[in-house]
Amino acid sequence: MNKHDYIGDNHILTNIKTPLTPNAFDKSDEEKIVNIQGHFAKIMEELGLDLTDDSLSGTPYRFAKMYVKELFYGLNPANKPKVSTFDNKYGYSKMLVEQNITIDSSCEHHFLPISGYAHIGYIPKNRVIELSKINRLVDYYSHRPQVQERLCLQILTDLQETLETEDVIVLVNAKHLCVSSRGIKDKNSYTTTIEYGGSFNDLAVRNEFFKICEFENRE
């Protein structure tokens with residue numbers, strides 16, 4: 001087995017931060033698109049594809065634009081959504097759960113899709129968050145090459161800092177195309193990852209969250 005196959009199959013997570021080079025954002029999006037377009041054209045040529053064909057001639061550009069502007073826009077901190085929080089003036093102190101948030105990501109080992117849902121709960125203290133901002137934050141961290149464990153941790157730590165509380169839980173259920181379309185080619189399996197802190201270290205509190213998710217998912 002090639003050592004890179006071994007590393008990828010062992011799903012190594014080395015850092016909560018996405019690995020980036022120091023000069024990751026020195027080039028503009030437009031410059032990156034031009035460069036990736038040229039590189040991907042070479043890949044297509046190596047595969048024996050005829051880039052003079054009308055159906056293929058625009059593929060390198062479309063591929064490059066998709067990578068920079070759509071699939072991986074979450075790499076750039078400039079694209080991070082502004083997350084609005086508000087004083088918890090009404091003193092809400094029970095669990096709040098946002099469920100079935102779409103995960104549309106890519107495996108960093110094979111650059112194949114990861115798709116599924118995130119379920120997020122928190123117990124407010126001094127701050128509450130606009131609900132749609134949770135979805136936007138999940139979308140932002142999803143749109144980069146990812147490892148599912150890291151995705152969970154990135155969402156968790158960001159929300160803990162934003163809400164000024166450790167009482168946050170993140171559960172992600174997702175299917176990995178690198179499992180269903182290559183290797184074992186298992187079409188039915190999915191992966192579940194869970195990260196939490198604060199009050200969610202209490203089993204009873206975690207179980208309350210899990211019961212809410214199960215009830216809603218049966219609907």
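For Gln146 and Ser105, the side-chain atoms include no donor-acceptor pair closer than 3.5 Å. Residues Thr192 and Asn173 bring a donor and an acceptor atom of their side chains to less than 3.5 Å of each other. At a cut-off of 3.5 Å, with distance as the only test, a side-chain donor of Thr52 or Asp50 sits close to an acceptor on the other residue.
Lys32 NZ: more than 12 foreign heavy atoms inside a 6.0 Å radius. Around atom CZ of Phe40, more than 12 heavy atoms belonging to other residues, nucleotides or ligands sit under 6.0 Å away. Residue Arg127 qualifies as enclosed at atom CZ: its count of foreign heavy atoms under 6.0 Å is above 12. Around CG of Asn126, the count of heavy atoms belonging to other residues, nucleotides or ligands within 6.0 Å does not exceed 12.
Nearest heavy-atom pair across Val138 and Ala118 is CG1-CB, 4.2 Å. Taking both residues in full, the closest heavy atoms of Asp167 and Ser199 are given as OD1-N, 2.7 Å, listed atom of the first, atom of the second, then distance. The minimum heavy-atom distance between Ala64 and Gln37, with the atom names listed, is CB-N, 3.6 Å. Between Met95 and Phe200, the shortest heavy-atom distance links the atoms CE-CE2, 3.8 Å. When all heavy atoms of Ala174 and Ile114 are compared, the closest pair comes out as CB-CG2, 3.6 Å. Listed here is the closest heavy atom pair of Ser142 and Leu151: N-CD1, 3.8 Å.
Ring geometry, Tyr73 versus His143: the interplanar angle falls from 30° to 60°, so the pair is classed tilted.
A continuous path of Ile, Leu, Val, Met, Phe, Trp and Tyr side chains, each step under 4.5 Å between heavy atoms, connects Val205 with Ile169, placing both in one hydrophobic cluster.
Between Leu171 and Tyr117, the closest side-chain pair of non-hydrogen atoms is not below 4.5 Å. Side-chain contact between Tyr90 and Val128: present, with at least one pair of heavy atoms (C-beta onward) separated by less than 4.5 Å. The shortest distance between side-chain heavy atoms of Pro60 and Leu51 falls below 4.5 Å.
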Trace of the salt bridge (charged side-chain N to carboxylate O under 4.0 Å, His left out) decision for Asp158 with Lys80: CA-CA 11 Å; Asp158 198 311; Lys80 185 178 179 180; 2.6 Å; yes
Apply side chain to side chain contact (heavy atoms under 4.5 Å, CB included) to Phe63 and Leu71, showing your working. CA-CA 10 Å; Phe63 177 91; Leu71 295 186; over 6 Å; no
Please report the C-alpha distance between His119 and Ile212 in whole Å, then the side-chain angles of each, then the deciding distance to 0.1 Å, and finally whether the side chain to side chain contact (heavy atoms under 4.5 Å, CB included) criterion is met. CA-CA 10 Å; His119 314 282; Ile212 292 171; over 6 Å; no
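For the atom pair OG1 (Thr85) and CG (Leu159), the distance works out to 11.0 Å, reported to the nearest 0.5 Å. Atom CD1 of residue Ile36 and atom CE of residue Met66 lie 10.0 Å apart, to the nearest 0.5 angstrom. With rounding to the nearest 0.5 Å, the separation of CD in Glu166 from OG1 in Thr157 is 10.0 Å. The distance from the CG atom of Asn207 to the CZ atom of Phe210 is 6.5 Å, given to the nearest 0.5 Å.
Phe111 and Phe72 have their aromatic ring centers within a separation under 6.0 angstrom.
Between Glu30 and Lys69 there is a salt bridge, with a side-chain nitrogen of the basic residue lying less than 4.0 Å from a carboxylate oxygen of the acidic one. Residues Arg144 and Glu108 are not paired through a salt bridge, judged by the lack of any N-O separation under 4.0 Å between the basic side chain and the carboxylate.
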